[in-house]
Novice: 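My questions all concern the structure below.
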Amino acid sequence: MLDIRLIRETPDKVRKDLQKRGAVEKERLLDDVVRWDKEWRATTAEADGLKKRRNEITRAFAEAKKAKKDATALQKEAAELPRKIEALDAKASDLEGKVRNGLLRLPNLLHESVPVGKDDTENVEVATWGTPKEPGFELKPHGELLEALGLADFERARKIAGAGFVYMMGDLVRLDQALLAFALDHMVKAGFTPVFPPYMMHRDAYEGVTDLGDFETVMYKVDGEDLFLIATSEHPIGAMYKDEIIDEAQLPLAFAGISACFRREIGGHGVDTKGLFRMHQFNKIEQFVFCRPEDSWTWHEKLRENGEAIYRALEIPYRVVNVCTGDIGTVAAKKYDIEAWYPRQGKYREVISCSNCTDYQARRLNIRAGKVGGDKFVPHTLNSTAMATSRGLVAILENYQNEDGTVTVPKVLRPFMGDQETIGAAKK
RNA sequence: GCUGAGGUAGCGAAGCCCGGUUCAACGCGCCAGACUUGAGAUCUGGUGGGUCGCAAGGCCCUCGGGAGUUCGAAUCUCCCCCUCAGCGCCA
């Protein structure tokens with residue numbers, strides 16, 4: 001969330017940003033927040049005045065008792081105060097809640113380089129790598145290919161858990177693990193600390209890392225428990241320092257999360273509905289950084305470069321887009337998507353999402369940095385996919401598919417799967 | 001799940017039985033100033049959140065959370081949450 005002081009002192013700066021997003025209803029919300037905040041300050045000031053009087057009376061009462069003087073006049077005055085204070089406190093608390101809720105719904109300030117646009121069709125391409133090559137034969141849908149090779153069982157997964165799940169089998173499991181191992185290896189070499197986080201977390205922690213509205217649509221909740229299955233390891237890692245003061249000497253903190261991810265929303269269907277592209281459960285290596293505010297834009301480029309380097313190593317063509325105002329979401333100040341080339345679909349599709357959340361996420365989580373007893377600041381947080389194996393696997397299955405129905409293993413993955421060069425060979 | 005012990009500021013730790021000289025002592029750490037060539041040691045002040053103020057400074061809130069009793073609650077009462085230890089169960 002934004003700093004209330006920013007809104008109080010420079011509401012027009014915030015308003016200009018909302019106009020860039022074309023968020024008219026948010027502008028109204030901004031006006032409401034400004035008004036509620038003003039009322040809140042007036043109300044608390046009034047309540048504080050009465051509390052001051054109450055404290056004075058209490059002290060005077062103790063003095064009078066000690067001196068064995070009559071204190072009934074004081075007692076009488078004090079008797080009237082609690083009701084008034086209670087009413088003002090209730091009003092203030094209501095206003096405070098409104099302000100907080102408003103703040104949670106106002107989006108982050110955008111970086112100046114974010115392009116203005118209505119939706120993902122207006123994202124701006126900023127880089128491309130590799131040349132998509134013609135396969136020279138008709139590629140099989142990867143889901144059918146995997147079934148034919150006995151490497152995935154969508155039917156039985158559907159029987160026991162419904163659509164959106166799969167039994168990965170045999171070489172596909174090894175390929176999945178190789179992708180994870182390769183990406184984690186890359187991150188460790190880049191100086192990131194691996195983290196295997198809890199797969200579930202409490203609602204209050206979740207509210208800090210993501211938008212409230214997402215709960216019903218993307219989150220799995222454990223029945224009867226205050227626990228949600230994580231949608232990405234970004235969430236437990238981001239929430240790790242909730243309500244803490246990070247010693248500034250420890251910054252930057254760079255983590256490589258590894259986890260399964262669980263999402264209810266698998267969205268609309270495009271080409272090849274059956275398959276790994278959109279799943280309720282998939283595996284992912286995630287990059288997450290806490291850093292000083294002045295360093296976050298440098299880190300944003302580093303995270304992007306890590307993501308690009310991984311796909312370059314896999315020799316899969318990709319492009320990078322600067323996500324426009326209509327597609328960027330609430331939390332990020334700037335976001336790059338890296339989109340890999342999918343030859344069967346004939347287009348680039350998102351495999352990596354790389355965001356600088358500036359201080360927005362950290363403030364929601366009540367994370368500060370500095371020295372205890374000294375000045376504090378709100379650190380910046382950044383997150384980016386390193387490798388989501390669902391999409392990575394599909395990219396490999398399309399880009400490395402051979403005419404005989406086998407799939408060549410990308411060179412960089414071979415050391416992670418016993419130097420195996422091909423999968424599906426035995427079954428062809 | 002059962003039993004017991006706990007939850008006080010960044011950390012440690014008093015206070016709770018017996019409500020009011022405790023507007024949370026003391027120690028460590030940290031910050032600022034003084035002293036010093038510098039560092040250390042020492043001394044002094046400060047150390048969470050909010051709000052008002054140009055500032056100096058003022059005021060309010062904060063003892064796991066909530067409700068209650070009272071003129072007044074860290075302290076008394078009730079409910080809830082969490083942590084730790086032992087036991088049980090368990091990959």
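Chain identifiers are assigned alphabetically (A, B, ...) following the order of the sequence lines, protein sequences preceding nucleic acid strands; residue numbering begins at 1 within each chain. It should be emphasised that the depicted structure is a prediction, and the values quoted were computed from it without experimental measurement.
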Novice: Would one find more than 12 heavy atoms of other residues, nucleotides or ligands at under 6.0 Å from atom CD of A:E112?
Specialist: no
Novice: If I pick the P atom on B:A73 and the same atom on B:G20, what distance separates them, to the nearest angstrom?
Specialist: 12 Å
Novice: Taking the side chain of A:T58 as its heavy atoms from C-beta onward, which of B:G48, B:G72, B:G50 lies nearest to it?
Specialist: B:G72
Novice: Taking the six-membered ring of A:Y220, is NZ or CZ of A:R263 closer than 6.0 Å to its centre and within 45° of its axis?
Specialist: no
Novice: Can A:E25 and A:R28 be counted as an ion pair, charged N to O under 4.0 angstrom?
Specialist: no
Novice: Apply the side chain to side chain contact (heavy atoms under 4.5 Å, CB included) test between A:N399 and each candidate in A:V394, A:T408, A:I316; give the one that qualifies.
Specialist: A:I316
Novice: Say you pick atom C1' in B:A9 and the same atom in B:C26; how far apart are they, in whole Å?
Specialist: 13 Å
Novice: Using a 6.0 Å cut-off, check whether atom CD of A:E46 has over 12 heavy atoms from anything other than its own residue.
Specialist: no
Novice: B:U75 and B:C63: how far apart are their C1' atoms, nearest whole angstrom?
Specialist: 10 Å
Novice: Sort by first number and list every stem of RNA chain B: at least 3 consecutive Watson-Crick or G-U wobble pairs, both distances under 3.5 Å.
Specialist: B:1-7 with B:81-87, B:10-12 with B:26-28, B:29-34 with B:42-47, B:48-52 with B:57-61, B:64-68 with B:76-80
Novice: Quote, to the nearest angstrom, the C1' distance that separates B:G15 from B:A24.
Specialist: 8 Å
Novice: Under 4.0 Å between a side-chain N or O of A:R41 and OP1 or OP2 of B:C52?
Specialist: yes
Novice: Can you pull the salt bridge (charged side-chain N to carboxylate O under 4.0 Å, His left out) pairs that have at least one residue in residues 150-160 of chain A, sequence neighbours excluded?
Specialist: A:D153-A:R156, A:E155-A:R158, A:E155-A:K274
Novice: Think A:R8 has a side-chain N or O under 4.0 angstrom from the OP1 or OP2 of B:G50?
Specialist: no
Novice: Using atom names, set out every protein N or O paired with an N or O of nucleotides 58-60 of chain B below 3.5 Å, distance rounded to 0.1 Å.
Specialist:
from	atom 1	to	atom 2	distance (Å)
B:C60	OP1	A:N55	ND2	3.3
B:C60	O2'	A:D48	OD1	2.6

Novice: How far does CE of A:M200 sit from CD1 of A:I230, to the nearest 0.5 angstrom?
Specialist: 9.5 Å
Novice: Specify the separation, in whole Å, of atom CD1 of A:I57 and atom C1' of B:G20.
Specialist: 15 Å
Novice: When you compare B:G10 with B:G48, how far apart are their P atoms, in angstrom units rounded to a whole number?
Specialist: 8 Å
